[in-house]
Enquirer: 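Below is a structure I'd like to ask you about.
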Amino acid sequence: MDFKSIKEIKTHLLKRKISIFELNEFFIDKIKKSKINAFIFFDEDLIRKRCKELDSIKNDLPLKGIPIGVKDLFCTKGIKTTAGSKILQNFVPTYESFVTNKLNNSGSVMIGKTNLDEFAMGSSTTTSYYGDTINPIATDKNLVPGGSSGGSAAAVSANLCLGATGTDTGGSIRQPASFCGVVGIKPTYGLCSRWGIIAFASSLDQAGIFSNNVEDASILLKEIAGYDKNDSTSSDITIPNYFKKINENIEGKVIGIPKEYDLPNIPDEIKIVWEKARKKLEKGGAKIINISLKHTKYALPTYYIIAPAEASSNLARYDGVRYGYRSKSQNNLEEMYESTRSEGFGNEVKRRILIGTYVLSAGYYDAYYIKAQKVRKLISNDFNDAFKECDAILTPTTPSPAFQIGQKEDDPIKMYLNDIFTVPASLAGIPGISIPFGKSKDNLPLGIQILSKHFNEQVLFDLGLFLEKNNE
Amino acid sequence: MNNIIKGKKFNWELVVGIEVHAQISSNSKLFSSSPTKFGSTPNSQVSLVDAAMPGMLPVINEFCITQAIKTGLGLKAKINNKSIFDRKNYFYADLPQGYQISQYKHPIVGEGKVEIDLPDGQSKKIRIIRLHLEQDAGKSLHDQSPNKTYVDLNRSGIALMEIVSEPDLSSAEEAAIYINKLRTILRYLNTCDGNMQEGSLRADVNISVKKTGEKNGTRCEVKNLNSIKFIKQAINYEAKRQIDILEDGGNIEQNTLLFDSKLGITKMMRNKEEAHDYRYFPDPDLLPLEIEDKFISDIKNTIPELPDEKKQRYIDQYKLTKYDSSILISEKDTSEYFEKILISNQELKNHTKIISNWIISELFAYLKKDDKQIKQSPVSPENLGKLILLIVNNTISGKIAKEVFEEMYVNKSDPQSIIENQNLTQVTDTKEINKIIEKVLQNNQDKLSEYKNGKNKLFGFFVGQVMKNSNGKANPKIVNELLKEKLN
Amino acid sequence: MKIDKKTILKIAKLSKIKLKENEIEEFANNLSSILDWVEQLNETDTDNIEPLNNVSSSKLPLREDKTVSNNSSNQVLNNAPEKVEEYFIVPKVVE
């Protein structure tokens, strides 16, 4: 039996070819043997207890018994939630995030909390206080799994669970999905509630899914999406049954190829795969058109003003007063604050807090923050215009395959450039999916990204399924 | 009004502007569902949102928006159809998020005004710059331990309206009148209970001085004053301090000050080495607040008669003086008490002056002695009305009425039964009164002859004697008339 | 934009992050190069463009004024590094 498809395993479970216990023991065993440090929290007894509980429920549930990894940015009731940071090393929420609560209600088994870049700030999962996660594709090469949801991507890729949650602020789902050779979808901003997800940049953060294949992603996304009155930015829309509606017949679909993504300095291996995907879609009956997203080049600098600005404020609550780490140096309040935050945060987080504080401070606010908000508007307008002409946009997910651990750490900007293809969609709030497609010259997985207009996740699944089936 | 302050060398004028922080009366907090009850067990009214737990998000309370709009309408102010919530970033132990959600560039309410009545009978218009919504902070207790601060977050997240005035006030007295007036308006609207002792109304006061005819000087801000007495003290202290410095050739530094209520002085805040930089930016957890005209007009329809209009009506309809009217309307409960007397005793509608006198002098004196509010008055408005009716139809005299009132106040009884039980009904029977007069004149032959020899002022003596012999029950008017007949 | 030592210390103070002597220059250099890099935004023409705060096209949802009482301070005090009775405890505030 092949434990790689939720769709198939659901059939096996229903036909009693396998029990919930057997299924989860398989994964417990795999996780215990795994050496990639995908999980920050893993408790086999808790998993068994959950299986027993599910076994006693008579009726079927959409994800009954399916083991799911949860990025350690989602608060889980009674289970330590760290955001990959020392500052939350002992934090145990008394509440469950909206998304994971939905997953629990769907009958899934929370198999463990996955590793991530500290506070989701990074593209490598090497800024976690709990150690690096290693890309399982070629463990001998010591590659990063991407980030920030690197633990989730790696766990799905290494078959340590059947799906995992992630969050994507500037590419934190799509980029690691690409590096690890799995499917990753960041839905429209507002589709999934942010309630109970530790905030990085509130206007950009969005929960999403990692899975082994497109169909599973469509099944899982429906289970985590939905309106939440406790998140004022959540959208009150009906969630379609993506899986039932999925249609790999792409005839007549209009696909835009943005010329601004064809950068001179990206390697040929990326360009070749992009071209291949384009040809496949054309062969499948889609119409390919050239489009322009004029302000693409400004997306990264815009993002690296807005995201740190929001983060500097969102992370002010980690002050050692009510929860989390508190420094021993505490002769007065001021000293306690400074020591706690200096000892509790890692360098990348500090760097972003400092940038964010700077761009919001008196005298610089208009020049940096307001300017960035305006350019964000231009970027969003570019997409709106483009979607008047096409149903979806096709781009590479990343400018390179997975790189080596430690390779880009000395230069923050080099690291930020990883998100060059993913950040524009984040700024516009539109959905994006990364599908494993093609290989690098070193035989590493590559991803192809499909973008669509707000709330049109269905077309991502349709086109994604087509490419998945036509990937050689 | 003349508000010139004479310094040693020059004449000075005071320039005062006030930011009032008024806690909105609501069941739950501005962005969370925690209760807002005062005086609860520490940290028992704190939700996950109020404690800024990771991943928690704000959801705005519709009623607080309604309350802010209502207040704006009460201040004759412009309501903005679009307003934006910003984060004001700073660290403090009782500020869990590390920022306060407030409104910076786009407040919910724009320019308005408040009219105040000055002691000399003049009115003055105080301009309101804006009113915005924001979260209250928690409380830090510094006196529980020598080296620790205790933090209670019950107050954290309660809705505040910050009402900012132009620097239109020119004395401590005016500032006090302004705060009182604002509080009256808020209470009429039921948007804030105005309780300064419990901190539901607090003020930051901006003070500067200038030489007559010159432009405003550098101002200092005294933070967090929670009584009208302290506001007046702080303003007067600051005025003197600033004038002394300027007259000695010094300069005023723009500063934030604290008021030491024990010593009655203002003090510099100690940690001023880091200038605040609040880094306001729109809260990405909240969308812009958009208010339709219909929403505003629906609220407009619920606005009760406000103090200024009520005062004018009292003057026009009840023919009361401006002074009496302004006292009767200064508390909503007082005006309600007054109007209940009129409703329950229709015959009194031409006797509003005497009703007003009884409330302002008798009733207030008794209540003040017992430290009671008019709502707790043992004498109901219906009963006070009955008593006044007995006076105006000459059943009892004013003097007896005062005795009856005391009895009513102590025993909560109605005036009719007191009078009947104690046989206090006024004597209006001329025969009976004449009998008493005869007796008095009989017993005071010597005074009578003095009077007849021209000592006219003895008339009062005879009135007094007659009243005394009737145990105060004789109608003084009739006594007067009959005596005149007899003596002349 | 070159970030000097004074500026980085001011920003660190506002952020309540204490930088060690050897970190000051490193972070100042990091920030300088990041700010230089983001300044390419000045090439764009943003006259008459409204800043985009949030991509959501929804209306701000309003909550009814109902209370939900937790009736216990446990939920918020559970994770407190230091507490006495029902209070959070912090080192003395120096005013």
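In the text below, chain A, chain B and the rest are named by the order of the sequence lines, each starting its count at 1.
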Enquirer: Would you please test A/Arg351 and C/Ile34 for side-chain contact (heavy atoms from CB on, under 4.5 Å) and show each step?
Expert: CA-CA 10 Å; A/Arg351 192 150 40 228; C/Ile34 292 167; 4.3 Å; yes

Enquirer: Considering only heavy atoms, which portion of A/Ser361 lies under 4.5 Å from any heavy atom of chain C: side chain, backbone, both, or neither?
Expert: side chain

Enquirer: For the candidates A/Leu315, A/Leu378, A/Ile237, A/Thr188, which exhibits the highest count of non-hydrogen atom pairs separated by less than 4.5 Å from chain C?
Expert: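 The candidate making the most pairs under 4.5 Å is A/Leu378.
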
Enquirer: With only heavy atoms counted, which part of C/Leu62 is less than 4.5 Å from chain A, the side chain, the backbone, both or neither?
Expert: neither

Enquirer: Who wins among A/Arg341, A/Arg322, A/Lys377, A/Gln330 for the most heavy-atom pairs under 4.5 Å with chain C?
Expert: A/Arg322

Enquirer: Quick one: what part of A/Ser232 sits under 4.5 Å from any heavy atom of chain C, side chain, backbone, both or neither?
Expert: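 It is both, since atoms from each part get that close.
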
Enquirer: Mind running side-chain contact (heavy atoms from CB on, under 4.5 Å) on C/Arg63 and A/Asn230 for me, showing each step along the way?
Expert: CA-CA 9 Å; C/Arg63 176 174 55 82; A/Asn230 290 321; over 6 Å; no

Enquirer: If you compare all heavy atoms of C/Asn53 against all heavy atoms of A/Ser203, which two are closest, and at what distance to 0.1 Å?
Expert: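 It is O-CB, 3.7 Å.
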
Enquirer: Run the side-chain contact (heavy atoms from CB on, under 4.5 Å) test on A/Glu334 and C/Val93 for me, step by step, so that the C-alpha distance in whole Å, both residues' side-chain angles and the decisive distance to 0.1 Å come before the verdict.
Expert: CA-CA 7 Å; A/Glu334 187 71 12; C/Val93 178; over 6 Å; no

Enquirer: Check whether A/Ile413 gets within reach of chain C through its side chain, its backbone, both or neither, counting any heavy atom under 4.5 Å.
Expert: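 Contact with chain C involves the side chain of A/Ile413 alone.
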
Enquirer: Using non-hydrogen atoms and a 4.5 Å limit, figure out which bit of A/Tyr227 sits close to chain C: side chain, backbone, both or neither.
Expert: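 Looking at A/Tyr227, just its side chain touches chain C.
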
Enquirer: Using non-hydrogen atoms only, which part of A/Tyr95 is less than 4.5 Å away from chain C: side chain, backbone, both, or neither?
Expert: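 Neither part; nothing is under 4.5 Å.
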
Enquirer: With no hydrogens and no angle check, just 3.5 Å: does a side-chain donor-acceptor pair link C/Ser56 and A/Thr233?
Expert: no

Enquirer: Within residues 300-307 of chain A, which residues come under 4.5 Å of chain C, heavy atom to heavy atom?
Expert: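 At a heavy-atom separation under 4.5 Å, chain C is reached by A/Leu300, A/Pro301, A/Thr302, A/Tyr304, A/Ile305.
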
Enquirer: Are the side chains of A/Arg326 and C/Val90 in contact, using a 4.5 Å heavy-atom criterion?
Expert: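 Contact flag for C/Val90/A/Arg326 side chains = yes.
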
Enquirer: Using heavy-atom distances under 4.5 Å, tell me whether A/Tyr189 contacts chain C through its side chain, its backbone, both, or neither.
Expert: side chain

Enquirer: Does any backbone or side-chain atom of C/Glu50 lie under 4.5 Å from a heavy atom of chain A? Answer side chain, backbone, both or neither.
Expert: backbone

Enquirer: Step by step, work out the salt bridge (Lys or Arg N to Asp or Glu O under 4.0 Å) result for C/Glu43 and A/Lys297.
Expert: CA-CA 11 Å; C/Glu43 298 163 10; A/Lys297 140 175 202 210; 3.3 Å; yes

Enquirer: Looking at every non-hydrogen atom in both residues, tell me the closest pair between A/Arg376 and C/Val55 and how far apart they are.
Expert: NH2-CG1, 3.7 Å

Enquirer: Considering non-hydrogen atoms only, spot the tightest contact between C/Ile17 and A/Ser342 and give its length.
Expert: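 The pair with the smallest heavy-atom distance is C-OG, 3.6 Å.
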
Enquirer: Taking every non-hydrogen pair under 4.5 Å, which of C/Ala12, C/Ser57, C/Pro61, C/Ser58 racks up the most with chain A?
Expert: C/Pro61

Enquirer: Any side-chain heavy atom of C/Glu39 sitting closer than 4.5 Å to one from A/Lys371?
Expert: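 C/Glu39 vs A/Lys371: side chains apart.
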
Enquirer: Check each atom of A/Ala428 against the heavy atoms of chain C and say whether the ones under 4.5 Å are side chain, backbone, both or neither.
Expert: backbone

Enquirer: Where on A/Tyr416 is there a heavy atom nearer than 4.5 Å to chain C: the side chain, the backbone, both, or neither?
Expert: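 Side chain only.
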
Enquirer: Counting only non-hydrogen atoms closer than 4.5 Å, does A/Lys294 touch chain C with its backbone (N, CA, C, O), its side chain (CB onward), both, or neither?
Expert: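 Neither; nothing under 4.5 Å.
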
Enquirer: Heavy-atom pairs under 4.5 Å with chain C are the metric here; pick the option from A/Met336, A/Glu335, A/His454 that has the most.
Expert: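 Among the listed options, the one with the most contacts to chain C is A/Met336.
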
Enquirer: Let me confirm one number: the CG-CD1 distance from C/Leu35 to A/Ile355, rounded to the nearest 0.5 Å.
Expert: 6.5 Å

Enquirer: Contact part of A/Asn90 toward chain C, heavy-atom cut-off under 4.5 Å: side chain, backbone, both or neither?
Expert: backbone

